[in-house]
Structures are given as structure tokens and as C-alpha cells.
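Notes follow the structure.
In what follows, chains carry the letters A, B, and so on, assigned in the order in which the sequence lines appear, proteins first and then strands, with residues in each chain numbered from 1. All values below were derived from every heavy atom in this structure, side-chain atoms included, with hydrogens, water molecules and symmetry-related copies excluded.
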Amino acid sequence: MSKIITRFAPSPTGHLHIGGARTALFSWLLARHYGGEFRLRIEDTDLERSRQEYTDSILASMRWLGLDWDGDLAYQTKRTELYNAAVDRLLENGTAYWCTCTPDEVDAMREAAKAKGEKPRYDGRCRDKHHGPAQGAVVRLNVNAVMPAGSRVAFDDMVKGHVAVSVDELDDMVLRRSDGMPTYNMAVVVDDHDMGVTHVIRGDDHVSNTPKQILLYKALGWPLPVFGHVPMILGPDRQKLSKRHGARAVVEYQKDGLLPGALVNCLARLGWSHGDQEIFTMDELIRFFDGTNLNSSAAAFDFERLNWLNAHYLHETPADTLAELVAPFVAERGMEPAPDALARFIPLYHERAKTLIELADSIVRLMKSADKLDYDEKAVAKALTEEGRGHVRALHSLFASLPSFDAETLNTALNAYVNDNGFKFKQVGPALRVALLGIQNGPHLPDLMAALGRDATLKRMERACAVSTPAA
RNA sequence: GUCCCCAUCGUCUAGUCGGCCCAGGACAACGGCCUUUCACGCCGUCAACAGCGGUUCAAAUCCGCUUGGGGACGCCA
């Protein structure tokens with residue numbers, strides 16, 4: 001089998017969204033599985049909406065996800081000669097023609113067709129007029145010069161199987177706009193052929209473009225690639241993903257403190273499966289993704305599953321790697337992410353946090369100086385009662401005199417305090433925790449205090465007693 | 001409107017050429033265990049073959065229709 005070449009071809013009119021990311025992932029996986037190439041092409045022929053910053057953002061997201069590409073980036077705006085040459089060939093071999101109809105005239109035709117209950121389309125009135133190049137003219141494909149009326153355009157899709165449409169459904173589409181730029185379908189065909197693309201993996205929304213493109217391949221006399229149309233990703237309400245569904249762009253997930261591995265894993269399982277396996281490493285995905293087991297029905301994006309996967313990946317990530325990953329989030333919260341502090345505090349929340357944001361919030365709470373700590377009102381009211389503060393004061397002097405401040409010693413001292421005085425742990429523990437953290441839940445107390453160190457621990461206990469004392 | 005595609009638990013899905021499926025796994029939910037709190041972890045419960053007709057000894061699996069959903073019909077990509 002010859003080398004397979006896949007590609008991802010985003011248009012820089014927005015950030016990379018999860019639908020595009022999954023398409024890119026599938027293309028990338030297929031290429032990597034078969035040891036082929038994965039190319040990246042920026043479809044920027046829409047001069048109005050294309051922006052460099054979006055190209056940059058898309059590339060950054062691709063890198064973050066770990067999807068590297070082969071060869072140079074291709075920009076469609078830099079390949080106009082290629083498209084023009086192809087259009088000229090079609091003009092020469094009689095499968096394309098100049099059309100001088102104005103956009104308004106074409107609109108009127110579509111309206112008329114619609115009124116008759118037909119598919120809105122251009123009626124081909126310039127086909128035989130033999131117009132030459134003219135100001136404002138476009139070049140259209142003469143569909144019936146490629147395939148006779150009544151015949152069917154068919155292809156075998158990697159995920160959808162056999163798909164066929166009557167050529168009568170297709171109209172004489174514009175190939176070259178009046179400004180000289182190629183239209184999407186023209187550029188895609190020329191580029192995919194030129195780049196040697198063998199497998200075109202793209203979204204479901206392109207199935208109806210495929211017959212049009214097949215016509216172009218035929219008109220140009222080029223071999224057809226294999227097509228694979230992956231189903232769309234829907235929102236939880238099974239509607240097309242949109243703003244109101246929350247995060248759609250990959251960058252938003254990154255900002256939300258998710259791990260790329262978790263997103264990749266989640267995306268991979270949307271429309272693809274490998275038996276009952278839920279968790280995959282990149283290597284496993286590459287090993288198992290061979291273009292089969294693709295699901296042909298649309299899938300709703302499940303944020304709950306992503307969260308679960310993320311928690312899993314977070315727990316699996318080694319503490320030192322995690323330190324590098326949370327550092328930016330800690331800094332963002334106004335704290336210096338000192339390596340030693342990170343190393344001391346991460347273990348306390350490694351198992352507890354579900355996202356880098358949760359982890360950063362917890363760590364920042366521990367890094368703050370005692371006077372900057374904020375207390376949750378409810379927690380204070382519930383635990384730092386008169387009695388609670390009494391325990392905190394007693395423990396304060398007990399801890400102050402401890403020979404060493406390790407978790408073992410603290411645990412023993414704390415238990416001794418509770419047991420020797422006949423208290424219940426519930427009377428003491430919550431008060432101490434709120435005094436130390438300002439909130440009711442958190443790590444095991446001795447571990448927490450050992451990580452905080454004697455100085456910070458005692459300061460926090462002092463501050464807690466002062467804070468909860470009614471204004472004096 | 002026309003054309004194309006799709007249809008298994010709330011969600012993602014398993015279900016090789018029909019029998020081993022009164023349908024399996026995972027997330028969520030719920031219950032329990034563990035536990036000095038909260039998480040983690042472990043155990044368990046709930047829950048689906050859209051409907052109707054065929055074909056067949058046998059259908060979630062094949063065929064048809066209905067219904068429901070999605071997509072496409074641009075000098076956007």
C-alpha cells in the first residue's frame with residue numbers, strides 16, 4: 001500500500017473548535033497509524049473574514065493537543081496560480097464557462113426555483129453563450145459536460161458507506177469568483193490533488209460538497225481520494241454546538257485548566273470506539289485507530305465525561321509535571337509559583353482536584369500569608385464557635401511546643417489532645433480545619449499542617465481566633 | 001421546499017457475516033463500603049434495541065414504510 005496522506009484544512013475565521021479538533025485528530029491518527037503524512041492547510045480565500053490571529057490560535061491549539069503536522073503550512077491565498085491554471089484547463093476542455101449573470105439575477109433564479117418547489121439553483125443560462133473574460137464575470141462548471149443529466153455521482157465513504165446523488169441535484173457552481181479568487185470547492189480539489197492527499201477526513205457538513213468535488217476531479221482527469229465524513233458534534237441538547245453550550249473552542253478548555261490528553265481522549269471516543277476501552281494513551285490511539293469502527297451517527301458532547309477523564313488524567317500526572325502545569329494558573333492568581341511551595345502543596349490536592357484551576361485555587365489558599373486568608377462565613381459560624389476557638393487556642397500552645405513538626409508527630413499530638421481530654425474528634429477537627437483553611441473541607445489535618453510548616457500553621461490559628469472574635 | 005445522512009440506557013457506546021443479547025461497558029444519577037471532613041477508591045441499583053409491517057426455525061442485527069433528528073442547497077468555508 002502506498003503512503004497515505006491526510007490533511008486538516010481549517011479556515012482562519014475563528015478559533016479551533018472541538019468539532020474541528022476531532023476532525024483533525026482523526027486525520028492525524030489515520031496518518032500516524034499507517035505511517036503516512038498529516039498536512040495542514042489554511043483555507044484563507046475568504047479575505048473578508050480571515051485573520052492572522054486565528055491562524056495563530058489554531059496552530060497553538062493543534063500544538064497543545066499534540067497534533068503535529070508534516071511539511072510546510074499551506075496557505076491558499078499563496079497558491080492562486082495553481083487554481084487559475086486549473087480553471088483555465090477546464091475552460092479549455094469545455095467543462096467550464098464564463099458567466100456574466102449578476103448576483104441579483106442568480107438570486108432571482110433561486111427564488112423562482114424555490115417557488116416551484118425545486119432545489120434553489122443557477123439555471124445555466126450562460127452555458128452556451130461563449131462569453132469571454134469580462135469585468136465582474138465568474139467561471140462556472142458545466143455539470144453536464146462532465147456527467148450526463150440523469151446519471152448519479154457516487155462514492156464509498158469511510159464512515160457512511162455508499163453515497164449517491166443524481167447529477168441533476170448539482171448546479172453549475174462558481175469556480176472562480178469575479179475577484180479572481182477560487183471558490184472553496186475549486187481550491188480544495190486543486191490543493192488536495194496537489195498535496196497528494198489520499199484520504200479526505202472532514203465533517204459531516206461536507207457530504208453534499210463531495211459530489212461537486214468529484215465532478216471537478218473528473219473534469220480535471222485526476223484520481224479520487226478516499227472520503228471519510230465524520231458526524232457532527234452536538235450540544236448536550238442534541239442541537240448543533242453553539243455559544244450557549246459554553247466552551248466550544250479548544251483554547252477555552254485550556255483556560256479552564258483541562259489537560260490536553262483528556263480532551264483528546266474524550267474527542268477520540270466521540271464517534272469512534274475500540275471495544276469497551278474508555279481510556280487511551282496517544283500511543284494506543286495511534287495503534288488502534290485504523291479507520292474502522294467509526295460511528296456514522298451524530299454524537300452529543302458530554303461535558304461530564306470530559307470532567308471525569310480530566311480528573312483521571314490529573315491523578316495520573318506525576319507531581320513534578322503537574323507543578324509545571326499549574327504554575328501559570330498560580331501566577332495568574334497573583335502568587336509566585338515557587339517550586340518548593342508547589343512541591344509541598346501539590347501532594348495534598350493531587351487526588352482531590354479535578355482541574356488545574358481547582359488545584360491552583362487550593363494551592364494558592366495554602367500559599368497565602370495568614371493575614372490574607374479569607375474565611376467562609378458559614379464555615380466560621382459552624383465550626384469556629386466559642387468552643388471551637390477554645391480548642392484552637394489549646395492546640396496552638398500544644399503545637400508551639402512540639403519538638404518537631406512532621407505529620408506523624410502532629411497526628412499523635414492531635415489525637416492525644418482529643419482522647420486525653422475526652423473530646424470527640426468532631427468537636428475539634430472542624431474547628432482546626434476552618435482555622436487553617438477558612439473552609440470546611442480539605443486534606444488530612446496532620447499532612448496539611450506539616451506542609452504549611454509550624455510558622456504558618458500557628459499564625460493561621462492566631463488569626464482565626466482573632467477574626468472570629470466579635471468586634472472588640 | 002428539494003436532496004443527502006442518521007436512529008441501542010439521560011449521555012458516549014459494545015453488539016464481526018441474524019442465533020452465545022429477556023442486550024455488555026463507561027459517564028451521570030441513586031444506594032452502600034472506606035474515611036478525623038471533602039475528594040479518591042471499591043461494591044451495588046436504576047436505565048435502552050423509536051414505531052409498524054415484512055423475510056426467517058430465529059432480528060437490536062436484513063428489507064420496506066412511518067415518525068423523529070441532523071446536514072446541505074452562496075461569487076462562505
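- The CG atom of A/L267 sits 15 Å away from the C1' atom of B/U13 (whole-angstrom rounding).
- The side chain of A/D276 has B/G24 as its nearest neighbour among B/A72, B/G74, B/G24.
- At a threshold of 4.0 angstrom between heavy atoms, the contacts of A/C99 with the nucleic acid are absent.
- Which of B/U37, B/C3, B/G71 sits closest to the side chain of A/V165 comes down to B/C3.
- In the set B/A77, B/U2, B/C5, the nucleotide with an atom closest to the side chain of A/V163 is B/C5.
- In this structure, A/T183 does not reach the B/A77 phosphate: none of its side-chain N or O atoms is under 4.0 Å from OP1 or OP2.
- Applying the 4.0 Å criterion to OP1 and OP2 of B/C40, one finds that A/K354 has a side-chain N or O inside that range.
- Here B/C34 sits opposite no nucleotide as a Watson-Crick or G-U wobble pair (both hydrogen-bonding atom distances under 3.5 Å).
- Across all strands shown, B/G54 is found opposite B/C62 as a Watson-Crick or G-U wobble partner, with both distances under 3.5 Å.
- Within the nucleic acid shown, A/G203 has no heavy atom closer than 4.0 Å to any nucleic acid atom.
- Note: A/F289 and A/F26 meet the aromatic proximity criterion, with ring centroids under 6.0 Å apart.
- Side-chain proximity of A/H315 to the nucleotides B/U2, B/C40, B/C12 is greatest for B/C40.
- Pairing for B/U16 is absent, judged as Watson-Crick or G-U wobble with the two contacts each under 3.5 Å.
- In this structure, A/E43 reaches the sugar-phosphate backbone alone: every heavy-atom distance under 4.0 Å involves primed, P, OP1 or OP2 atoms, never a base.
- A salt bridge between A/D171 and A/K119 is absent, with no side-chain N of the basic residue lying under 4.0 Å from a carboxylate O of the acidic one.
- An OP1 or OP2 oxygen of B/A14 is reached within less than 4.0 angstrom by a side-chain nitrogen or oxygen of A/N295.
- Between A/R110 and B/C75, a side-chain N or O to OP1/OP2 separation shorter than 4.0 Å is present.
- Looking at the side chain of A/V138, the nearest of the listed nucleotides B/C27, B/U13, B/C75 is B/C75.
- For the pair A/N415 and A/R22, nearest-nucleotide mapping onto RNA chain B gives the more 5' position to A/R22.
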Exercise for the section: Verify side chain to side chain contact (heavy atoms under 4.5 Å, CB included) between A/V163 and A/H229, making sure each step is shown before the conclusion. Expected result: CA-CA 11 Å; A/V163 180; A/H229 292 94; over 6 Å; no

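- Looking at A/E278, its side chain comes within 3.5 Å of the base of B/G25 through a donor and an acceptor atom.
- If you take CG of A/N441 and C1' of B/U35, they are 13 Å apart, rounded to a whole angstrom.
- Atom CZ of A/F301 is separated from atom P of B/A26 by 21 Å (rounded to the nearest Å).
- When heavy atoms are screened at a 4.0 angstrom cut-off, A/K114 is found touching no nucleic acid atom at all.
- Remark: C1' of B/C75 and CG of A/N185 are 13 Å apart, rounded to the nearest angstrom.
- Across all strands shown, B/C27 pairs with B/G10; the Watson-Crick or G-U wobble distances both stay below 3.5 Å.
- When only modelled atom types and interatomic distance are considered, A/S11 and A/R49 share no side-chain donor-acceptor pair under 3.5 Å.
- Counted by atom type alone, A/N209 and A/Y184 present zero donor-acceptor pairs between their side chains at under 3.5 Å.
- Counting any heavy atom pair closer than 4.0 Å across all strands shown, A/G442 reaches a base atom.
- Each of B/A77, B/U36, B/A14 was ranked by its minimum atom distance to the side chain of A/L414; first place goes to B/U36.
- Neither side chain, A/D376 nor A/Q440, offers a donor N or O lying under 3.5 Å from an acceptor on the other.
- In this entry the distance linking NE2 of A/H229 with P of B/C5 reads 12 Å, nearest Å.
- Base pairing annotation: B/A39 forms no Watson-Crick or G-U wobble pair, as no partner gives both donor-acceptor distances under 3.5 Å.
- Computed from coordinates, the A/I233 CD1 to B/C5 C1' distance equals 17 Å when rounded to whole Å.
- Classification of A/D194 and A/R79 as a salt-bridged pair holds, one side-chain N sitting under 4.0 Å from a carboxylate O.
- The residue A/L445 sits close to a base: some heavy atom pair falls under 4.0 Å.
- The residue among A/V159 and A/G271 whose nearest nucleotide of RNA chain B is located toward the 5' end is A/V159.
- Picking from B/A77, B/G71, B/A26 the nucleotide with the shortest atom distance to the side chain of A/R305 gives B/A26.
- At the heavy-atom level, A/S178 lies under 4.0 Å from base atoms of the strands shown.
- Residue contacts for A/H350: at a heavy-atom cut-off of 4.0 Å it reaches no nucleic acid atom on any strand shown.
- Summarising the base pairing, B/C21 is matched to no nucleotide, lacking a Watson-Crick or G-U wobble pair whose two defining distances lie under 3.5 Å.
- Counting non-hydrogen atoms under 4.0 angstrom, A/P430 reaches nothing in the nucleic acid.
- Between the CG atom of A/L47 and the P atom of B/C75 there is a distance of 17 Å, given to the nearest Å.
- Nucleic acid contact class of A/A187 (heavy atoms, under 4.0 Å, all strands): none.
- Side-chain polar atoms of A/D290 and A/T292 form a donor-acceptor pair below 3.5 angstrom.
- Nucleotide B/C3 forms a Watson-Crick or G-U wobble pair with B/G71, both donor-acceptor distances falling under 3.5 Å.
- In terms of phosphate contacts, A/T13 brings no side-chain nitrogen or oxygen within less than 4.0 Å of OP1 or OP2 of B/A77.
- Nearest to the side-chain atoms of A/R269 among the listed nucleotides B/C73, B/A26, B/U13 stands B/U13.
- Candidate nucleotides B/G25, B/A39, B/C5 were compared by shortest atom distance to the side chain of A/R352, and B/A39 ranks first.
- Atom CG in A/N411 sits roughly 14 Å away from atom P in B/U35 (whole-Å rounding).
- Which of B/C12, B/U36, B/G25 sits closest to the side chain of A/L270 comes down to B/C12.
- Screening residues 100-127 of chain A for ring pair (Phe, Tyr, Trp, His ring centres under 6.0 Å), with sequence neighbours left out, gives no hits.
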